[in-house]
Amino acid sequence: MAGLEGMEQPRGHAHAAAARWSPTVEDERALKALELYGNPTEAEVPLPSRPESAATARRLTQVVVLRQWGLGPKTTEEAVLLVSELVGNAVRHTGARVFGLRLHRRRGWIRVEVRDPSRGLPCLMPVQEMDVSGRGLFLVDKLADRWGVDLLPRGKTTWFEMRVVDR
C-alpha cells in the first residue's frame, strides 16, 4: 500500500499504537486537516507532493465520506485506501511539487480525483502474489466501480468512482 512499504509496527507498544489509531483521535485529525487545507468538495485542495501528504488526503477523504456525506464505514475505508494509492502514485511517479485533491458526490456515486502536472499515464501492471509494490492501480481497479485518467493541457487527473446507496 502506498507509503507503507517497509514500515514495521514497533514491538511491545500495542497499547500506544491502539491509542494512536483510535477513531476519536482520527476524527480530530481529520477535522483539523479539513480546517487547515480546506474542503475538497468545495474546491480542489492543493497538497505538497510529499509522502506525508497521503495521510492528509486520507483524513480529508475520511471526514468527507463518513461525516459530511454520512456514508458507511466500508465505503469510507475503501475510499480512503484508494485515495492513498492515487496520492502515492502522484508523489512517487510525477516529479510534481504539488498535487490536487477533489471529491464529488452525485446521486448513487462518489468520485475522487487527484490532479498532477505530469502527462505521464499510470499503468495497470499485472500483480503477483509475492509482489511488495506496484499494487496501487490493481487495488483501484478491483475496488472502484470505475476509474480513469483525464489528460489536461498541463497534466492529468486520475480518478475513481464508487457506487453508493443514497439515504
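When a residue number appears, it is its place in the shown sequence, counting from 1. Fair warning: this is a prediction, and the values are worked out from it, not measured in the lab. What's counted below: heavy atoms across the whole structure, side chains too, no hydrogens, waters or symmetry copies.
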message: As a quick check of understanding, evaluate salt bridge (Lys or Arg N to Asp or Glu O under 4.0 Å) for Arg111 and Glu113, giving each step before the final call.
response: CA-CA 7 Å; Arg111 179 179 172 110; Glu113 302 174 348; 2.7 Å; yes

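- Between Asp150 and Lys156 there is no salt bridge, since no side-chain N of the basic residue sits under 4.0 Å from a carboxylate O of the acidic one.
- The distance from the CZ atom of Arg58 to the OG atom of Ser53 is 10.5 Å, given to the nearest 0.5 Å.
- You'll find the side chain of Val98 stays beyond 4.5 Å of the side chain of Pro48, heavy atoms only.
- The cluster map of Ile, Leu, Val, Met, Phe, Trp and Tyr, joined by side-chain heavy atoms under 4.5 Å apart, puts Val80 and Phe138 in different clusters.
- The salt bridge (charged side-chain N to carboxylate O under 4.0 Å, His left out) check on Glu42 picks up nothing, with sequence neighbours excluded.
- Atom CD1 in Ile110 sits 8.0 Å away from atom CZ in Arg105 (nearest 0.5 Å).
- Looking at Asp145, its side chain does come within 3.5 Å of a backbone N or O of Arg163 through a donor-acceptor pair.
- No path of Ile, Leu, Val, Met, Phe, Trp and Tyr side chains, each step under 4.5 Å between heavy atoms, connects Val87 with Leu152, placing them in separate hydrophobic clusters.
- There is a path of hydrophobic side-chain contacts, each under 4.5 Å, that joins Val45 to Leu36.
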query: Between Val91 and Phe99, does a side-chain contact (heavy atoms from CB on, under 4.5 Å) hold up when you go through it step by step?
result: CA-CA 8 Å; Val91 169; Phe99 65 89; 4.0 Å; yes

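- Between Leu86 atom CG and Thr61 atom OG1 the span is 9.5 Å, to the nearest 0.5 Å.
- The distance from the CG atom of Leu60 to the CZ atom of Arg29 is 14.0 Å, given to the nearest 0.5 Å.
- Salt-bridge formation is not detected for the pair Lys32/Glu28: no Lys NZ or Arg NE/NH1/NH2 atom is positioned less than 4.0 Å from an Asp or Glu carboxylate oxygen.
- Counting heavy atoms from C-beta outward, Glu44 and Arg102 have side chains that approach closer than 4.5 Å.
- Around the CZ atom of Arg106, the shell of radius 6.0 Å holds more than 12 heavy atoms that belong to other residues, nucleotides or ligands.
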- request: Step by step, work out the side-chain contact (heavy atoms from CB on, under 4.5 Å) result for Leu151 and Leu121.
  value: CA-CA 9 Å; Leu151 285 176; Leu121 296 175; 3.8 Å; yes

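- How far NE2 of His104 is from CH2 of Trp109: 14.5 Å, rounded to the nearest 0.5 Å.
- Atom CZ in Arg50 sits 8.5 Å away from atom OG1 in Thr56 (nearest 0.5 Å).
- In this structure, the side chain of Thr75 does not engage the main chain of Leu71 through any donor-acceptor pair within 3.5 Å.
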side-chain contact (heavy atoms from CB on, under 4.5 Å) between Asn89 and Arg92, worked out: CA-CA 5 Å; Asn89 285 347; Arg92 204 174 291 114; 4.1 Å; yes

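- Residue Leu82 is tested with Val140, Asp141, Val112 for a side chain to side chain contact (heavy atoms under 4.5 Å, CB included); the sole match is Val140.
- Remark: Thr41 pairs with Asn39, Gln68 by the side chain to side chain donor-acceptor pair (under 3.5 Å) rule, at least two apart or across chains.
- A donor-acceptor pair shorter than 3.5 Å cannot be found between the side chains of Arg97 and Ser49.
- Hydrophobic clustering of Ile, Leu, Val, Met, Phe, Trp and Tyr side chains at less than 4.5 Å, counting indirect connections, unites Trp147 with Val83.
- Hydrophobic cluster membership differs between Leu66 and Val164, with clusters built from Ile, Leu, Val, Met, Phe, Trp and Tyr side chains linked at under 4.5 angstrom.
- Residues passing the side chain to side chain donor-acceptor pair (under 3.5 Å) test with Arg146, sequence neighbours excluded: Glu161.
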